[in-house]
Q: 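Submitted below is the structure of interest, expressed as C-alpha cells.
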Amino acid sequence: MSGAKKVKDDIAQRAAVLMHGAAEVISLPELEQRLKLGRPLRIKLGLDPTAPDLHLGHSLVLKKLRDFQRDGHTVIFLVGDFTAMIGDPTGRSETRKPLTREEISTNAETYRSQAFKILDPDRTEVRFNSEWMDEMGVRRLIQLAARQSVARMLERDDFEKRLEAEEPLFLHELLYPLIQAYDSVALGADVELGGTDQKFNLLVGRDLQRSMSHEPQIVMTMPLLEGLDGVRKMSKSLGNYVGITESADEMFGKLMSVSDTLMLRYYELLTDTPTAEIEKIRKHEIHPMEAKKRLAETIITEYHGAAAARAARHHFESRFQRGEIPRDAQVFRIASALWICELMKQLKFAPSTSEARRLLGQGAVRVDGKTITDVNFRFVPGEHEVIEVGKRRVARIKP
RNA sequence: GGAGAGGUUCCCGAGUGGCCAAAGGGAGCAGACUGUAAAUCUGCCGGCUUAUGCCUUCGGAGGUUCGAAUCCUCCCCUCUCCA
C-alpha cells in the first residue's frame, strides 16, 4: 500500500468514527476533504445562555465535540449573548423575555463550567457573538438580510407551522437564523454541530458562508434525546431532564423512572453498549429492572465516577426497594411542636398549606412509618422523628 | 387606513349576567397495582390554621348591576382579509 493511499484510508476511517452516532452529516465527502487539510478544524457549537443547566440531551453534542477534540481539532463554544439579549424566540411559539447582560454572563459562566465536565478546556475557545454583532450596525445588518429571501426563511418547519396555525411570527425571528449563520462566517467555522432541530439554521450558515466566499461549513446533526416522559425532547423547561450536575442519587432515581422502551433508546444514545448487548435487553434476556440499573450506573459513572455510581445503586435499593429510611436523609431542626402543614411547607415538601392538606387527605404523609390523615396533626420533635411525603420526600426532624 | 375574529387558571380549550375557582383534555401530584417501568383504575390539581367560610384569578383600566369571565366605555396585544 502506498503512503498516499494509507493517508486516504486513515482519513476515511477518522471521518467514519467522527460520524458515528450522528443523525446526519452534510456532507461526508466534504468532511473527508476538510480533514485532509491536516490542520486543526474549527468546530462550532452555539448555545443560548437562557436556561443555564446542561442535561443529558446536551451531552450527546458535547461528547461528539470531545471526539473532535481528541483528534486535535478546536471546539468553539459560542455563547449567543447578543441573541439572548434581544429575546430568543427560536423553537417557541411565544417570545421569551430578554435577559439582562448580568443574567447572561452568569448563565454563560454556568454553561462553561458544566460543559468542561465533558470538553477539554485546552482545546476550547469560548466566544460571544456580541463581539461582532454589537458592532454590526443597521446598514450591514440590512446588507446581510439581503442575502436570503423571505421564502427561503419560511421554509423552516416551525415558521411554516406557525404561519399555518395563524400564530404570531415576528420579523426579528426571521433574522435569527441569519445571525446564527453570520456567527459561522465570523468564526470561520469548518464544522457546526447541533441537534436535528437545528438543521435549518446550520444550513443557512452554509449558504451564507458560500455567498460571502467562505468555505461552507460541514453540518453535523445529533439525534434529539427524548426526556424522561419518553415523548417530548429533553428540556429544562419541560422538567423532563437529567442535569449533568445533579447528584448521583438524583440521577439514579430519575433514570430508574424511565419506561422500558425509553431505556433502550438511552442505551443506544447515551452509552457505548454494543448492539448485541442491547438486543439481549430488548429480548428480555436480562431483567429490565437490572438492565435499567446498569444503564443508570453507566451514565452516572461518566459524571461522578464508578464508586459514586455504585453507591447510588445501593442507596436506591435500600431506599426504594426495601423502603428503608436513608441514614443520610436531610436533617431538619425545629425547637417545638409544629403544625404538620407548616412543617411540610418549611421542608418544601408542599408549596402551600392547601397542597399540604390535600396530601394529608390523600394518605401521602407518613410520620415514623404511620400514615397521618389528621390535618391538625402536630409534629413534636423528640417524640416524632421521620416524616415522609409521597415516595421521594423524606426528612429526619430533630429538636 | 378599512372590515372581521380573538386574548380564560401550567398548556390546549369550553364557558356569553347568578348553579363559576370556572366543562373537557394534556401535563403534574397522590393512592392502588408493580420492577419508584409501562399500561390501567381512583382521587387531587389558586390561596387562606382548622372553613355549607373568606380572599385572589378569566389581556389592562374604569363603569352598569343586589350580583360580571360573561353587559358598556376606553386602552394594549395577536390573527385574517382588503388597501
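Hydrogens, waters and symmetry mates play no part in the numbers below; they use all other heavy atoms, side chains included. So that the names make sense, note that chain A is the first sequence line, chain B the second, and so on, each numbered from 1.
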Q: In terms of ring plane angle, is the pair A/Y176 and A/H172 parallel, tilted or perpendicular, where the classes change at 30° and 60°?
A: perpendicular

Q: Considering only the P atoms, how many Å lie between B/rU9 and B/rA22, rounded to the nearest integer?
A: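 Rounded to whole Å, the distance is 15 Å.
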
Q: Determine which nucleotide pairs with B/rU49, using a 3.5 Å limit on both distances of a Watson-Crick or G-U wobble pair.
A: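 WC or wobble partner does not exist here.
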
Q: For A/F159, is the NZ or CZ atom of A/R156 found under 6.0 angstrom from the centre of its six-membered ring and inside 45 degrees of the ring axis?
A: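 Judged by the rule (NZ or CZ under 6.0 Å from the ring centre, within 45° of its axis), A/R156 counts as positioned above A/F159.
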
Q: Taking any strand in view, what nucleotide pairs with B/rA5 in a Watson-Crick or G-U wobble way, both distances under 3.5 Å?
A: B/rU78

Q: Starting the side chain at C-beta, find the nucleotide from B/rA38, B/rG47, B/rU49 nearest to A/S259.
A: B/rA38

Q: Assign A/E290 to base, sugar-phosphate, or nothing according to its heavy-atom contacts below 4.0 angstrom with the strands shown.
A: nothing

Q: Below 3.5 Å, does any donor atom in the side chain of A/Q362 face an acceptor in the base of B/rG43, or the other way round?
A: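 Side chain to base: pair found, below 3.5 Å.
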
Q: If you check the A/R232 side chain, which of B/rU49, B/rC48, B/rA27 turns out closest?
A: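 From the listed options, B/rA27 comes nearest.
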
Q: Would you mind classifying the nucleic acid contact of A/K254 as base, sugar-phosphate or nothing, using non-hydrogen atoms under 4.0 angstrom?
A: nothing

Q: Using the P atom on both, measure B/rG59 against B/rG7 and round to a whole Å.
A: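 One P to the other, the span is 8 Å.
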
Q: Taking the side chain as everything from C-beta on, heavy atoms only, tell me whether A/F379 gets closer than 4.5 Å to A/E342.
A: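 No. Closest side-chain heavy atoms not under 4.5 Å.
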
Q: Hey, which of A/H314, A/R322, A/Q321, A/H315 is the one that makes side chain to side chain contact (heavy atoms under 4.5 Å, CB included) with A/S318?
A: A/R322

Q: Kindly point out which of B/rC79, B/rG35, B/rU50 is positioned nearest to the side chain of A/P168?
A: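 Comparing B/rC79, B/rG35, B/rU50 against the side chain of A/P168, the answer is B/rC79.
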
Q: Is A/G253 touching bases, backbone alone, or none of the nucleic acid, heavy atoms closer than 4.0 Å?
A: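 Contact class for A/G253: base.
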
